[in-house]
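Below, each value reflects all heavy atoms present in this structure, side chains not excepted, and no hydrogens, waters or symmetry copies.
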Amino acid sequence: MKAWLHRGTYHASSIRDRNAAIQVARRCIYGHKQLRRFAPEAVEDPDVLPLALIRDRDNLSEVISRWDEANVRYRPVSRAEAEKIIPDASFRKVSGIFQVGDVSLNTRILYRKLFALAQKAGCDFYLGSEIEKIDGRSLIVRDSSGDRRTFSARKIVYSSGIGAKDLFQKHHGLNLPIRYWKSHLVVTKRLAQAGVFFLDPHEAAMMHHGDVSIVGFNEDALLCNEPSYDVIPDRAENLRRGIRRIFPSWDDRQSINVACVKVDYVTDLMSARSLNIAINEPIPGHVLVLPGKMTEAPYLTDVLTSYIHEQLDNPEIALRPCDQFPLQDSTAIREVA
Ligand SMILES: Cc1cc2nc3c(=O)[nH]c(=O)nc-3n(C[C@H](O)[C@H](O)[C@H](O)COP(=O)(O)OP(=O)(O)OC[C@H]3O[C@@H](n4cnc5c(N)ncnc54)[C@H](O)[C@@H]3O)c2cc1C
């Protein structure tokens, strides 16, 4: 799967609302730094920086000002230099070329490290099991051989991505405002040493993993009622045309089209796809989390930990004066003041 450890470059520019764009970009930068520190061995080609391209000249100054505000790292690159970095690419009709800090991540290495450390910390994993029943704050879980276990907790956190909507529908009778968005990827023989991606809508964006390149199409996501992985041929062909705009002599013989589905949680169903984190407790004790992007997962985890701490206090830890402040009556507050 594509794993682009973002560094705010794309989201600062692509999210329409400036404030939301800068917020998501900052959260991506936070996650980028945390993940690189946690698992530097999972970063692929750490010394090869990708090129971000902007076609729309009218958008250049706004993008640069958003990058500056969000602290996105970028270095303007001349066309001649870009052609040296990626000789097979065409930079004609491109208004801005920047070397940026996004990198590819090998998520299998990251997950192995997380898995091993979680086990060491005492976490148990029940792979291949499914939730059979939810009764209050207890889960009855059945494994592949039919054995059942019951787990009870004061807070149950669902980080089940695309499966969250069905879980809440089936076990809580709740239709959560989770939407499904279908988009497409092309997996092809590696196209270049450095990644290259447009920031403009309806243009291609690619990062590389080992011998392959994974290419997506900006703002290709199509709202759908159910998650389905059937490729929509027109959409895949659009993406292929986008790849040829960057690599005119792309040999597409060793390539496949893939459809994928992303989810978001929204309160306004008419809004654009949300790329922000979501933490919601639609039923007391049952907390749903969505990171928006994998890169935002460290930020989400910090906010979630703080949320759980607030909800499940530990009385052995002394209160701070500010924790007691709202408990005092107004007369006492006036006296203190
Ligand atoms: C094609 C694609 C490309 C992407 N590329 C990038 C990228 O390059 N960079 C980036 O930052 N983000 C990317 N994202 C977004 C990123 O993958 C998601 O934001 C992130 O994985 C969400 O994490 P999650 O833990 O909430 O869900 P997931 O990663 O989807 O994990 C959910 C897990 O829950 C399990 N599950 C589901 N239902 C149940 C159930 N009923 N019982 C038990 N387990 C269940 C699933 O099997 C899965 O293992 C991409 C997403 C897609 C689809």
Side-chain angles (χ1 to χ4, degrees), residues 1-4 6 10-11 14-16 20 24 107 111 126-135 139-144 156-188 201-202 204-205 214-242 255-283 285-297 300 304:
M1 190 46 65
K2 183 160 79 107
W4 183 343
H6 294 278
Y10 178 68
H11 299 102
S14 67
I15 296 174
R16 202 159 300 154
V24 171
T107 45
Y111 295 163
Y126 299 91
L127 302 176
S129 299
E130 68 171 289
I131 299 173
E132 191 173 70
K133 192 167 176 234
I134 300 179
D135 185 8
L139 305 182
I140 300 168
V141 172
R142 197 186 54 221
D143 70 18
S144 51
I156 298 164
V157 178
Y158 300 71
S159 64
S160 43
I162 206 168
K165 192 176 171 88
D166 278 354
L167 267 177
F168 274 78
Q169 180 77 66
K170 182 174 169 195
H171 295 290
H172 299 297
L174 258 190
N175 187 18
L176 294 180
I178 288 181
R179 302 180 296 186
Y180 300 116
W181 297 89
K182 179 186 275 202
S183 57
H184 293 80
L185 297 172
V186 164
V187 183
T188 180
H202 314 298
I214 304 198
V215 196
F217 205 51
N218 298 337
E219 294 182 34
D220 160 54
L222 188 72
L223 198 55
C224 49
N225 290 332
E226 293 296 328
S228 101
Y229 296 91
D230 304 327
V231 169
I232 303 173
D234 284 359
R235 296 269 172 158
E237 201 37 57
N238 267 343
L239 165 52
R240 285 171 173 266
R241 278 194 290 272
S255 65
I256 52 164
N257 300 327
V258 182
C260 50
V261 179
K262 299 175 184 172
V263 285
D264 71 349
Y265 188 103
V266 284
T267 42
D268 172 9
L269 289 172
M270 300 307 285
S271 62
R273 184 161 74 94
S274 169
L275 293 161
N276 220 330
I277 67 162
I279 297 182
N280 210 282
E281 192 166 345
I283 295 174
H286 298 266
V287 183
L288 169 77
V289 297
L290 292 172
K293 300 299 288 179
M294 179 266 297
T295 311
E296 289 172 276
L300 172 86
L304 176 67

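A search for ring pair (Phe, Tyr, Trp, His ring centres under 6.0 Å) contacts involving Y126 returns F151, not counting sequence neighbours.
Paired with S160 under the rule side chain to side chain contact (heavy atoms under 4.5 Å, CB included), one option of L167, V263, I131, V289 passes, and it is L167.
Nearest heavy atom pair, residue S14 against residue E219, reads O-OE2, 3.8 Å. Here the shortest heavy-atom pairing between I162 and Y229 reads CD1-OH, 3.4 Å. Heavy atoms only, all atoms of each residue included: A236 and V231 are closest at CB-CG1, 3.9 Å. Closest approach of D264 to L290, counting heavy atoms only: C-CD1, 4.2 Å. Closest approach of V261 to S228, counting heavy atoms only: CG2-O, 3.5 Å.
Checking side-chain atoms of K182 against main-chain N and O of D230 turns up a donor-acceptor pair under 3.5 Å. Remark: side-chain polar atoms of E237 are not paired, donor with acceptor, to backbone N or O of R241 under 3.5 angstrom. Of the possible polar contacts, none joining the R179 side chain to the L223 backbone as a donor-acceptor pair under 3.5 Å is found. The backbone N or O of H6 sits less than 3.5 Å from a side-chain atom of T295, completing a donor-acceptor pair. H184 places no side-chain N or O within donor-acceptor distance of the main-chain N or O of N257, the cut-off being under 3.5 Å.
Using a 4.5 Å heavy-atom threshold, the side chains of N238 and D220 count as separate.
Classified by interplanar angle (parallel below 30°, tilted 30° to 60°, perpendicular above 60°), the ring pair H172/Y158 is perpendicular.
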Start with the C-alpha gap between L176 and Q169, add the side-chain angles, then the distance that decides, and say whether side-chain contact (heavy atoms from CB on, under 4.5 Å) holds. CA-CA 8 Å; L176 294 180; Q169 180 77 66; over 6 Å; no
